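All values below come from the heavy atoms of this structure, side chains included, with hydrogens, waters and symmetry mates left out. Fair warning: this is a prediction, and the values are worked out from it, not measured in the lab.
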Amino acid sequence: MSIQQSDVLYTAVATAENGRDGRVSTSDGRLDVVVNPPKEMGGSGAGTNPEQLFAAGYSACFQGALGVVARNESADVSGATVTAEVGIGKNDEGFGLIVKISAVIPNVDQAKAKELIEKAHQVCPYSKATAGNITVELAV
């Protein structure tokens, strides 16, 4: 379910200059990075790239969702890590993304870890935004 503008608590504003081979900065100046295509896509690989930025945001957001789910279930997720791997490749419409979310949750057994990340996937705003648009694989 989507939210209304009146429900917005925070809005991030970022501006790109020169697309994938330029610079991206936020309006508050906290992020200001050079972006370049990776070597695998014919670029210099000198800067970061949109897929790395997406992976960073998705992994942080997903870990936050994992924390929400864990609190509701009284599960101990201290020391947990979440890794997002974002792949880009050609598809029928040009290019598409694929994501693998891996979580290491040391204080719960494998079955509980799997249950927690599946529930976090239902809560995470990034997961909701990508649902039905890209393949997202979950792994523990």
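Pairing each heavy atom of Val77 with each of Gly67, the nearest pair is CG2-CA, 4.4 Å. Between Ser44 and Lys39, the closest heavy-atom pair is O-CE, 3.4 Å. The minimum heavy-atom distance between Ala120 and Ala65, with the atom names listed, is O-CB, 3.7 Å. Among all heavy-atom pairs drawn from Pro106 and Ser78, the shortest one is CG-O, 3.9 Å. Of all the heavy atoms in Ala75 and Leu116, the pair that sits closest is CB-CD1, 4.0 Å.
Leu53 and Val99 end up in different hydrophobic clusters when Ile, Leu, Val, Met, Phe, Trp and Tyr side chains are linked at under 4.5 Å. When the side chains of ILVMFWY residues are joined at heavy-atom separations under 4.5 Å, either directly or via intervening members, Ile134 and Leu138 end up in a single hydrophobic cluster. Residues Val35 and Phe95 do not share a hydrophobic cluster, clusters being chains of Ile/Leu/Val/Met/Phe/Trp/Tyr side chains in contact below 4.5 Å. A continuous path of hydrophobic side-chain contacts links Ile117 to Val86 [ILVMFWY only; heavy atoms under 4.5 Å]. Under the 4.5 Å side-chain heavy-atom criterion for grouping Ile, Leu, Val, Met, Phe, Trp and Tyr, Val123 is not connected to Ile3 through any hydrophobic cluster.
Taking the side-chain contact (heavy atoms from CB on, under 4.5 Å) definition, one finds that Ala139 meets it with Lys100, Ser102, sequence neighbours left out. Scanning for side-chain contact (heavy atoms from CB on, under 4.5 Å) contacts around Ser27 gives Val13, with sequence neighbours left out. Asp21 is linked by a side-chain hydrogen bond (donor to acceptor under 3.5 Å, both in side chains) to Asn36, counting only residues two or more places apart in sequence or in another chain. For the side-chain contact (heavy atoms from CB on, under 4.5 Å) test, residues two or more places apart in sequence or in another chain that qualify with Asp109 are Ala111, Lys112.
For residues 55-70, the pairs satisfying side-chain hydrogen bond (donor to acceptor under 3.5 Å, both in side chains) are Tyr58-Ser127, with sequence neighbours left out. Every pair tested for side-chain hydrogen bond (donor to acceptor under 3.5 Å, both in side chains) that includes a residue from residues 131-140 fails, sequence neighbours excluded, so the list is empty.
Remark: Gln122 CD to Glu118 CD distance equals 8.5 Å, nearest 0.5 Å. Interatomic distance, Glu40 CD to Ile88 CD1, rounded to the nearest 0.5 Å: 11.5 Å. Annotation: the span from Arg20 atom CZ to Glu51 atom CD amounts to 4.0 Å, rounded to 0.5 Å.
Contact of the Val108 side chain with the Glu115 side chain is not registered, since no non-hydrogen atoms from C-beta on lie closer than 4.5 Å. Using a 4.5 Å cut-off on side-chain heavy atoms (C-beta onward), Thr130 and Leu97 make no contact. Inter-residue side-chain proximity for His121 and Val136 is flagged as met; some heavy-atom pair is nearer than 4.5 Å.
Formation of a donor-acceptor pair under 3.5 Å by the Asp7 side chain with backbone atoms of Gln4 is found in this model. Within the 3.5 Å criterion, the main-chain N or O of Asn49 finds a donor-acceptor partner in the side chain of Gln52. Under a 3.5 Å cut-off, the side chain of Asn107 and the backbone N or O of Gly79 do not form any donor-acceptor pair.
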